[in-house]
Structures are given as structure tokens and as C-alpha cells.
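Worksheet: one structure, shown below.
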Amino acid sequence: MTKYPYLKQDFAASLVVFLVALPLCVGVAVASGVPAELGLVTGIVGGIVTGLMRGSSLQVSGPAAGLTVLVFEAVREFGLPVLGVIVLAAGVLQLLMGALKLGRWFRAISVSVVEGMLAGIGLVLIAGQLYSVMGAKAPASGLEKIAGLPGALADAASGSSAPASTALGAGTIVVLMLWKHLPRAVRTVPGPLAAVGLATLVAVVFGLPVATVEVQGLVGSIQPPPVDAFGVLASAGVLGTIVAFTLIASAESLFSAAAVDRLHDGPRTEYNKELMAQGAGNAICGLLGALPMTAVIVRSAANVQAGARTKASRVLHGVWLLLFAALLPSVLAYIPIPALAGILVYSGAKLIPVREIVALWREHRGEAVILVVTAVSIVAVSMFEGVLIGLALAVVKTAWEASHVRLEVIDKGAGPVQVYLSGNATFLRLPKILDSLEALPQDRPVELDLSGLHHLDHACRTALENWAERPREAGKEPVRVTSGR
């Protein structure tokens, strides 16, 4: 036991994480439009392969709700065989970025963009899964899903569309919402497992006419991408999807690592090594034709709270998933799809940072705007374009804030008018600067002092030089410019 002093704690924690991960792995796979077993494959790889590698010792990886929307769109547009190519390529990119020590750069991404990304994913996920709760087919685009919800909800309320499915899905959501208020002894069973277990029991006992998970078997579900599928790498659409997978999976994993580090006193995350661990896991998932993986905060927090001390707990959770998938796959066939959809509706709601938006609006309205615009763009356009819009807004906001410039005019009534510029003069502030300068008296000499500027970009320098020469063109004395450089 001296070699494994924490084996007892890690063993107990691994069982808790397994019970949390099982319904989520299956639910994410079904919502992504792929066989349920592929979610388990990704959970197994995340536990055993990524779990054995260095990086974040207590973080747990697997299929994540945050990538569900992107995976569904990729499978619908390119087909399941191409998904393996996309995931493999994303894993290779993560390995490369980790080797180039770019892991810490992901922490420089605006938190508002990441939270906006998760909020947008949450909105699309909720909208799409509510249709599954009600036993209806969801429209294709995010906007159509949201626009069609009132009608679908009205049909469900009137009992005209799949009442059993709606009741089972709604009941699952209610159980998840109430679970944290139950006695501690009851809460030793993870909420997602309890909700799915109860829904499955009700569906079986009462013989409810609801859709259940289709079972293909673990070996039958694993379909490595064929060689000809790699030809899609020449497609701009596929390359854009690969970049989106890479950026979103990496950012979500490394932000999760930072959050997990705050939950325990053990070794801190080595970000570049964690990025390589995620890349290795995704590369193997791609070769197996499975779902992409990220570090998942729900499982990781459950791991820490259950008393895990080393990486052994997450590796063992992968072993339990493997044993379940190999020995008890037929159990999946009893799980109602509305119950899994209910879990994902609940998970999607937790991705929307309502409190953070309110706090940001009070203190940093610019950040709140970036968060909301990113989320709305993801819903209205697509995941990739939405994230790019959010990043562009964050860059513009930072540039605007960094370009503070102060213009002071001293006019003593006689002699030259003295103008002092200080701060950072960039093209973003140029209209304001020129408006102030052109409002100066036209019949008096002007002295412009630039010695207080920390930065003067090319656009501003050229514009100021042209403005200073205008009096000469009118036969007057040009503006005298003083620079401290």
C-alpha cells in the first residue's frame, strides 16, 4: 500500500466519476447524432489514455456537452466517417500546439468570449434537446430551433405531441433541479444517474411509448475513418471545422484545468502537457471514429469532491466505462432518449452564465456586450463564425481601451495657441483628435507638442503632419510640431 498510499480514496472517487460520466457519455453521443457507444469510447480514451498522461492530475476528460452542437453540424454536413478525420486532425493540432508550448496562450483568450461561446452552445443545446424531450424532430439551424420552440411547447402543453415523452423528459429535468436539495445520504448517488435510472424504471414498468437508445455493440460502433475520407482535408469547410474543434476543445479544457486547480491543493496543471494529453486522446478518438473529447468540469469537480488524490481515479473511471461497454451494452437499450435529452437541457442551462452577465453589466459593460454578441452570433450564424466575431470584438475593445489620448489646449489670448497631446494616439482616436485640432482658431499660430505621447501610429503621424502643413498652403506659418522622439 505504500506504493499507492491513496488507492482507497482514488478507487472510491473513480466509482463516483464513472456514475456521473456514464449517462453524460451516452447523452452527448445521442444528441450528437452518433451511436451511443461512441460516447463511451471517448470516455474510455479520456480516462485511460489522457488520464495516464501528465498535465492536470485530477481533471477528467470525455465527450462534452460544449461540443455537441458542433459535432452534430459536422456529422450532418460531412458524414460520420469524416468526423474521425476531423477529430484526428484536431488532436494532431493540439499535440503540435503543446509541443510548441502554446498552452498558456489559451489563457489569454478573453474570458467573455469563452463564456459567450459556452452560453451560445448552451442556448442551441437547450433549444435542440427540448424537441427530443417532446418527441419531436428539431429544425436544422439554431435560429429555426429557437423560433419553432413556442409552437412545439404549445403542442406539448396541449398533449397533442408525445405526452409520455414530454412527461419523462420534464420529470428528468425536475429530478436534476431538486437533487441538490435532498439529504446528503441520497445525494451519494450522482444526480444524472439517478434521473436516468428513475426515468428508465418508469418507462419499463409502465411500458411507455418513448424512443430508447439504439444499441450496436462496442465493436460494431467503432468505425475508423476510411483512407478516402482524408481527401476532405482539401475542403475549406472541413478545415474551418477542424480549427473550430481545436480552439474550442483546447480553450474549454485549459479553462477547466484552471477551475479545477482552485478546487484542490495538489500539483498545479502543466498547461502545455495537458494540451498534449488532450491532443493524444483526440488523435486516438479520431482513429476510432469516436467523438472529440475535452476536459469536463462536471466530472472533474465530482472527482475532486469525491476525495481523489492522484490520476489513478480518472484512469479507473475509464476502466469501469470499458467494462460496462464490453459486458453490459444491452442495458443502454432501455434508456429513454427524452431522459438523456433532459440531462442535456439541464447541462445546457448551466453553460449560460446568467449571474456573470449581470455582474459584468454592472462593472464592465464592454465585456458583457462581447459575451452576449458572441452567444447570439453562435445561435444566429454558426459556432466557428460566432467565436471569430467574439474574438474580433475583444481585440477591438482592447485596442480602443489602449488608445487613450488626452488633448490639452492652452490659449492665453495672445501669442501662439499651445496644444499638448499625451497618451496613445492610434487610428481609433484619430477622428476625435482631428475634430479638436480643426476647431482651433484659424488666425493664430499653433504649436503642437507631441512629447507626451507614448505611442503614435503611422495613420495618426501622417494625419497630423498633413494637418500641420495646411496653413503653409494658405500662405500662413505652418504649425510648429515638437516631438520628444
Side-chain angles (χ1 to χ4, degrees), residues 6-28 43 47 58-60 62 64-65 122 125-126 129-130 133 164-206 208 210 256 259-260 262-266 296-310 312-314 316-317 320-321 323-324 328 331-332 334-356:
Y6 303 115
L7 184 59
K8 183 178 179 181
Q9 295 97 315
D10 288 333
F11 182 85
S14 72
L15 291 174
V16 172
V17 179
F18 161 68
L19 295 175
V20 170
L22 179 61
L24 291 173
C25 286
V26 176
V28 168
L58 298 182
Q59 183 162 254
V60 183
L125 189 60
I126 291 169
Q129 292 306 304
L130 280 174
V133 165
S165 178
T166 304
L168 211 55
T172 302
I173 297 171
V174 170
V175 169
L176 289 168
M177 292 173 65
L178 297 179
W179 199 253
K180 61 184 177 183
H181 301 294
L182 296 177
R184 184 183 295 272
V186 177
R187 284 187 282 117
T188 53
V189 179
L193 183 72
V196 169
L198 286 171
T200 303
L201 184 64
V202 169
V204 170
V205 170
F206 293 97
L208 298 180
V210 295
S256 172
V260 173
R262 292 195 290 270
L263 297 176
H264 67 89
D265 300 322
V296 187
I297 189 63
V298 174
R299 280 165 242 183
S300 304
N303 190 38
V304 174
Q305 291 161 5
R309 302 295 293 274
T310 71
S313 61
R314 63 187 189 181
L316 283 172
H317 120 275
W320 309 143
L321 285 173
L323 291 175
F324 176 87
L328 300 170
V331 173
L332 297 177
Y334 293 98
I335 299 176
I337 286 178
L340 296 175
I343 286 180
L344 290 174
V345 168
Y346 183 76
S347 299
K350 292 173 72 175
L351 291 175
I352 303 172
V354 177
R355 291 181 181 175
E356 286 81 353

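Within the 3.5 Å criterion, the main-chain N or O of L168 finds a donor-acceptor partner in the side chain of T172. Formation of a donor-acceptor pair under 3.5 Å by the N303 side chain with backbone atoms of A308 is not found in this model. A donor-acceptor pair under 3.5 Å links the side-chain atoms of S14 to the main chain of F11, judged by distance alone. Side chain of W320 to backbone of L19: no donor-acceptor contact under 3.5 angstrom is found.
Expressed to the nearest 0.5 Å, how far CG of L328 lies from CG of L22 amounts to 10.0 Å. Here the CZ atom belonging to R309 is positioned 9.0 Å from the CG atom belonging to L58, to the nearest 0.5 angstrom. Put simply, CD1 on I297 and CG on L351 are 11.5 Å apart, with the number rounded to the nearest 0.5 Å. To the nearest 0.5 Å, atoms CG (L24) and CG (L340) are separated by 9.5 Å. In this structure, SG in C25 is found 4.5 Å from CZ in R299, a value given to the nearest 0.5 Å. To the nearest 0.5 angstrom, Q305 atom CD is 12.0 Å from H264 atom NE2.
Taking both residues in full, the closest heavy atoms of L344 and G27 are given as CD1-O, 3.2 Å, listed atom of the first, atom of the second, then distance. In terms of heavy atoms, V196 sits closest to I343 at CG2-CD1, 3.0 Å. Of all the heavy atoms in R314 and Q59, the pair that sits closest is NH1-O, 2.7 Å. Annotation for G307 and A13: closest pair C-CB, 4.5 Å, computed over non-hydrogen atoms. The two residues I173 and G342 make their nearest non-hydrogen contact at CG1-O, 3.5 Å. Contact between A349 and I126 at its shortest, heavy atoms only, is N-CD1, 3.5 Å.
Between V133 and S165, every side-chain heavy-atom pair lies at or beyond the 4.5 Å cut-off. Two residues are said to be in side-chain contact when any heavy atoms from C-beta on lie closer than 4.5 Å; F18 and L193 fail this criterion. Residues V296 and V60 form no side-chain contact, since every pair of their non-hydrogen atoms from C-beta on lies 4.5 Å or further apart. Counting heavy atoms from C-beta outward, V17 and V20 have side chains that stay 4.5 Å or more apart. At least one side-chain heavy atom of P192 sits less than 4.5 Å from a side-chain heavy atom of L176.
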